[in-house]
Structures are given as structure tokens and as C-alpha cells.
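The structure under discussion is supplied below as C-alpha cells; questions concerning it will follow.
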Amino acid sequence: MPVEIPRLLIIDDVFGRTHPDRRNEERASLCGQMLLEDVTRDETRSGPGLRIKKPVAKAVFFRGQTPATSVVGGVVENDIEGCLRVIRAGWNGRAPGEPPWSLVLLDLCFYTGRVTPESNRELAGMPEGREGDDSPERYFGLRILQAIREELPDVPVAILSSKQRGDVSRQIDAHGSLAFIPRGEAGAREALQECIGRHGLIADPEGLIVGYSIGVLKALRAARKAASHRRSVLLRGERGTGKELVAAYIHQSSEDPRKRPFVVVDSGALSPELFGSELFGHKKGAFTGATADRQGRIAQADGGDLFLDEIGNMPADIQAGLLRVLQDRRVVPVGADAGAEVDVRFLSATNVDIEARAAIGAFRQDLLDRLRHGATIVLPPLRERQEDIPLLVARFLEDARRENPRALLKEISGEAMGLLTSHDWPGNVRDLESCVRGAVAGNPDVEHLYPHHFEIPGRQQSRGASNAEPGLILMPSEATAKPVPNEADEKMLSRLLASIEAFDFEPLEPKDLAGVLPLVLRAYSRFVARLVAQGLTVTRRPTPDAPAGQVLISPAMKLLTGDITLTATKAADLIKRLLGIAPDEIQDLLESPVLREAREKARGLRGGARAATAPPPDSQ
Amino acid sequence: MGHFAGQRRNVEPAWSSRRSALNHDWLKNVYLVSLGAWVNVLDEAVEDPVFEREFFAKRFVMWETRNDEAHALIESFEDEMSPRLLLARWPFSPSSRGRLGWVGSVIHACWYARFDVTVLVSTARVRLAAADGIYREIKAAVDPTRSSAEELRPLRDRFAAFATACAELSAAISRFPSDIRVV
């Protein structure tokens, strides 16, 4: 499936002009110089025209003035609204499946006024100019730039001009121009290509990541920027949004990707016992079963990239070990005394609200800061990039055909595409892929796929359904542009509690129950500790001395118990009891700032007794 | 002042208008762009029969007249952009010019030294001469009746060198101040 090359909009009074009787020779020369394919379609010409064998981009030219065609005797005026109109048409008003402007390039100086025989002789259609046209502080290009920033701040804009950068440097930087490409200087073509790669919204030419939606293209741009350095990157997004693919894209966009390893670790798939060994390696005899030295994944990624998926599931001791690696750039295998230096770029991913977890101590803040030191890239959920669904479906159809060569070639009906496009896809791209592949594999003798051929997961789900696995606590998510509704959070918690209450032990046998109580106490104590921490977090009150918010145990406990008559001392007793259920199991959580402050205040209110050693309640 | 550029920029020094017309309107916007496209044609990255047919006879040879303009521009910079000219304008009366003649000389000398006029002018002269040298070399090597891309491909590197020399000339001309500066 060929990927569209970048699409530029060039607003320039000379190159954007249309001539009534011939082609714009200056524009043709510019396209020849910069290797741009002119797709403006405003000229009629006879005979063979310009052909760029390997264009770096398609270019639409716009004069930025009225009229588009000017002759001797005519008057030319600047047209700011026309500029905005054409930008909008290629941005939020474009046709389905059409990529947005990769980059808008603006000239600076636009000459206006009457077209005289003398001015026309120099350049066809050229007006003689008016006072101020050539003054840097009054360049029309700056007005266009400012107007774009006010209305369409996400549109990437750069200046392409033969004027001096020094004359307008402050203004263009103040109004958000991403670059200044000096036309007419040596290396202008290379400068343009570099600008497109660095600042443009361009699709993945290799097709690893499919899509033309603005959210995806912005993520790819951020990924290319991250690829230019070796600092850690955090990838945020709901499950199934392609975080691993973007990590691979970062790797491939980096220098010498073939010479550098790319190692993947799914934190969610590893057991806590094996996590350390898997990540850091181990020495022979370090533990039962360690029959030989083993190189860990971090060492395997030396010189390259390590993708850590689902870091929200990482155990506390592993977090501490990983932090040491990031700080010291050295990995020490389990059971070893000394380690080895490593040069690894960490690309980590999460689909949870990792900041909230850090706030309650479930994830180390200092580790989080290091993991996102280079950049945080947010991947949009599929429901926010529905325009990409037809492209994705076409890709998955291709892939499915390759895997099922005996299946008939498939076409997707309009009704089926409408169904697929309108679904929310809480499981995002992964679920869409699974659905399409299932339709192909499950209907080998069908040519045309209709809605009934597709098994869409959770088809009865209402719009905006939560992305979380059933039975898990849903943390407020920042991974999506829109916040998860509170109603969904409440229902999830209610379902969880109802599940626990209604859980039926009856079918379980002795072997199923062996040793399970400590696990239950661990889960229960950690659940309660996090619940307390959440209550303390949401009831914090900012003060001049504590801008993040002062912990208030009484309001927090009133909130959680629903008892507005609760006194401060009883609130303190309650906190000590709740945090004393199984204190050894929540040591890492107790290190969080919120719980630490709460315990100190509770001690202060009750005078001396250590909350951590309070006896567990025997009435429970 | 028959040039259209002089007509539209009548509030700035005429020298600046001529500089802008030569360097911005022609050299950067037309000639360098054409040279860049031509090199890509010779590299077979671009096909443009119309352009290929017309390039040598119509575009390349534009240098003949523009070279003279550039030379005149460089040589006239000192006389036309010196701040001593301001003494000939309001608020100085014509009768004061004789008495202020020595002031003009001092101002000119300070300006000349302060803005490194010697370096500006000599650098531009050198760049112009270098570009012109390559132009003459190419022109001497080409039979105008055999000037298709196919026939001129062996001179690709000289054309590229000429484009680079023109870009350097443009940069040198850009370094001149655009207004009359008082020391």
C-alpha cells in the first residue's frame, strides 16, 4: 500500500501566480530545484511538462493575493482570508483519506499595487509595489503567520524566503515559525528536506504505522525528534494504540538502526520473581534454577534501545533497580557484585495514569522523571482517529490475504466500512486488526464482506466505554485527550466490590486454597492503602507552603467513610488501623509523600504510637 | 531610473532599490532557482523539455547583462551609500554645504572604517569575478547550437560550481547595509 509523500502548501506571490497563457516558469524552476511535484492544477499547458522522477514532496502553490492571475493594468491586493481558506481546506476541511498539510511555507514580502508594463516586463504579472511592501516590519508573510497561529495553532509553518533572516528573526520566532529556509542559498533543497523531516507532519514512508490523522502524524513527528537523541522516552496511550510500533519507529528513525539492537520487554507478562533476572540478568547460582550466567535484556540492548511495555505493572524492587541503571548507566546482574557499563535508550510505555500512581507511591516519581526525560509521546485512541480506519482496514486486509492465500480476494462493503468506522474500539487498533483478520479467515469463500461477517468485540457497548480490563481498578487516565468519565470509574469500583462480595469459594479445592491467605492479605492491604492515598490526594488543599496541596486526614476519612461527624482523632485512629493491616506488604506505598505525611499527622494527633505496628483489627 | 524597482521603492536609497532588484528579485528568485533546477536536469532527477530547450539560450545567458549590473552596483556602493550624502539634504541648507565639507569627509572616513567598507566591496568583487570566471569558462566550452541537457551533461560539475559561486555572490551582496547609516 503506497504511502503518500508529504504535501506542502507554498504561499508566495511569485511562485503562486497563475498566468493566463503560459505556465509559471519561476514555479517550474523552483519545483525543479527543490524536487517538488506541482499538484496545484491551476495551469493548462500543451505538450510534455515538468516531471520530477523522485519528488521529495507534493506542492500546492497559492499566491496569497487577488487576483490569482494579473495582467498589465490590473491591481493586486493581499488576501489574508484567502490564505486562511486554503489552509483550512487542507487541514480540518480535507477529504476523507487525504493527508493534512505536512508543512505550510510562507514567503515574506508580497508586492501589491498596479501591474505596469515595466513591472510586467521583469516578471509577468508582477505589480510595481507600494510603500511598505518591502519593509520587514510590514511583511505580509508575517501577517499570514500570525493569523495561522491564532486560528490553527497546530499547523506546522516555516518561512521560505530570499529575504534576510536577521530582519525578521524575532517576529517569526515569536509567532511560531518552525524554521527559516533561505531560498537562493546553497543547500536550500537540503534545508527544505531537513525541515520537512524535522517539523513536518508526514506519514511513515515504510508503512510501519498507518494513518494520516493529525494526532498520529504529530506522534510520528515527536518520535522522529526523539530519535535524534539518546534520552529516554515515555509512550502513553490506551492498550492497542501501537505503542510498541512507535517505539520501533523511533528505533528505525535513529542513526544506524541496523547496527543497534532493539529489545522488547513486556513488564506485564513477567512474574515478579523472574522480573529482575529477565531485566538485569543473573549469575550462576544466584537462585534456585540459575544454572548458568544469563545476560539480561538491558545488557542485550547495549548500544541500542530497550522497549519496556506496561511499566505501570513493574514491582517496586525492580523499579529501584531500574532507577539505578538509569542513574549509573551500569547494570548489575542478580547475584553479582559488580556490573558492566551500558548505553541503552529506554523507550517505556504505559496505558495507565502513571502520574497518579506516582502520587500515591505505587510508582517511583524519580524513576518516572528519568523515563520521560527525553520526551513523552501520546498516541491517540482509535475513536479519535476514525479517519484512519479505512486505511487500517485496507492494511489488515492485505496482511490477512497474505496469511490466507487460499481465501478469495476480499472487498469490504460500504455498510461494513461504515460499521467499522463508527465503532469506538476500546481495544483500539489491535482489536480492529483482530476483527478484520477474523472476518477474512472465517469467511474464506466470500468475496464481499458485509457487517454480519465481522465479530466486533463488545458491539453492544455504549459509546465512551472504558478501556480497562474488567475487575481492575480504573485510574483516571491522561492517556486520552478526553478524561474518562467519573460515572465509568464509579461503576468499575462498584463492579469490583460486588465481585469480591459475591465471590464463590465453594468450587475451590484444598490445592487451590493452599497458601492463598497471605496473597489475599497483600492484595487487600495494598488496595486499602491505595484507597486511603487516593482519598488523601483528592482532598488536599494547596497552601503557600505546600503548593501541591497539604494532606488533611480528617476530610479524607470523612470522604471515604461517608461519616461527616468523624472527629480528627478518630480519623487518625482509622488511618493507623487501615495502614496497619499488613504493614510489611505496603512498605513501598508508605514511602509515598501523601501517606508519609498522613502517618506523621496521625501520630501527632494520637501521640507517639507507630501506625505501622498497630495490631490488625480482629473484628474484620 | 527606468527600472521598475526604483519606481516602487522611491522612499529608500536608489542603491538599495537596485540591490534588491538584482539580488532578491533576480539572482535569488530567478537565476539561482533556474541553476538549481538545471543541475537536477543534468543529474537526470528532473525532466522538463521546455526548460531544457530554453535554459542555455534564454536563462543562462542572462548573466551577460546582470554581471554588468552587479559590477556597477558594487562599485557605486561607497559613493551612493556614504552618510556624507545626508549633509546635502534637509535640514542642512545648500549654503552650509561649503562650510560643512570637512565634516562630510570626517563622517565618511569614520563610516568607511566602522563598517569595513573595504572588506565588503573587495569580497563582493572577488565573488563576482569568481562567478564570472566560471560563466566564461562554460560559455567558451559550449556550442550554442548543441546545448541540450544530453550534450551539456559532461559540464555538470562546472554548472554546479557556477551555482555555488552565484550563491556566494548573493551572500556577499546581502551583507551590504540596506540604508544609509550614520556613524
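The model shown is predicted, which means the values in this text are computed figures rather than measured ones. By convention in this document, chain letters (A, B, ...) are assigned in the order of the sequence lines, proteins followed by strands, and residues within each chain are numbered from 1.
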key: Reported CG-to-OG distance for the pair D167(A) and S178(B), which is rounded to 0.5 angstrom   =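 Output value for this atom pair is 6.5 Å.
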- List the steps and the verdict of side-chain contact (heavy atoms from CB on, under 4.5 Å) for S161(A) and K28(B). CA-CA 9 Å; S161(A) 173; K28(B) 288 187 179 185; over 6 Å; no
Heavy atoms, side chains only, cut-off 4.5 Å: are W26(B) and L123(A) in contact?
->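 No, their side chains stay 4.5 Å or more apart.
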Exercise. Is it true that atom CD of E150(B) has more than 12 heavy atoms of other residues, nucleotides or ligands lying nearer than 6.0 Å?
Worked result: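 At most 12 heavy atoms, drawn from other residues, nucleotides or ligands, come within 6.0 Å of this atom.
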| message | Return the CG to OG distance between D25(B) and S119(A), rounded to the nearest 0.5 Å. | response |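 So the CG of D25(B) and the OG of S119(A) are separated by 11.0 Å.
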- Query: So among R23(A), R27(A), R51(A), which one has a salt bridge (charged side-chain N to carboxylate O under 4.0 Å, His left out) with D48(B)?
  - Reply: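 Of the listed residues R23(A), R27(A), R51(A), the salt bridge (charged side-chain N to carboxylate O under 4.0 Å, His left out) partner of D48(B) is R23(A).
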Exercise for the section: With a 4.5 Å heavy-atom cut-off (strictly below), which parts of residues 152-174 of chain B touch chain A? List them by number. Expected result: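 Residues in range: A167(B), S174(B).
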- Task: Measure the spacing between CD1 of I52(A) and CD of E47(B) and express it to the nearest 0.5 Å.
- Result: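 Reported to 0.5 Å precision, the distance equals 9.5 Å.
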- Query: Heavy-atom count around H19(A) NE2 within 6.0 Å, excluding the residue itself: above 12?
  - Reply: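 Yes, the 6.0 Å shell around NE2 holds more than 12 heavy atoms from other groups.
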Can you confirm whether E255(A) is buried at CD, in the sense that more than 12 heavy atoms of other residues, nucleotides or ligands lie under 6.0 Å from that atom?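 Open: at most 12 neighbouring heavy atoms sit under 6.0 Å from CD of E255(A).
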From Y31(B) atom OH to S29(A) atom OG, the distance as rounded to the nearest 0.5 Å:
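Interatomic distance, Y31(B) OH to S29(A) OG, rounded to 0.5 Å: 12.0 Å.
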For residues 172-189 of chain A, run the donor-acceptor check on the side chains, cut-off 3.5 Å, and write out each pair with its distance to 0.1 Å, sequence neighbours left out.
unit_1	atom_1	unit_2	atom_2	d
S177(A)	OG	A179(A)	O	2.9
R183(A)	NE	N29(B)	OD1	3.3
R183(A)	NH1	D12(A)	OD2	3.1
R183(A)	NH1	L160(A)	O	3.2
R183(A)	NH2	N29(B)	OD1	2.4
R189(A)	NH1	N40(B)	OD1	2.9

*Sort E52(B) into side chain, backbone, both or neither according to what part of it lies under 4.5 angstrom from a heavy atom of chain A.*
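For E52(B), no heavy atom lies under 4.5 Å from chain A.
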*Report the distance from atom OG of S34(B) to atom CD of E26(A), rounding to the nearest 0.5 Å.*
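With rounding to 0.5 Å, OG (S34(B)) is 7.5 Å from CD (E26(A)).
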**Message:** Can you confirm whether more than 12 heavy atoms, excluding those of R149(A), are under 6.0 Å from its CZ atom?
**Reply:**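 Check passes, neighbour count above 12.
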Winner by heavy-atom pair count (cut-off under 4.5 Å) against chain B, out of K54(A), E25(A), Q164(A), K53(A)
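Ranked by heavy-atom pairs under 4.5 Å with chain B, first place is K53(A).
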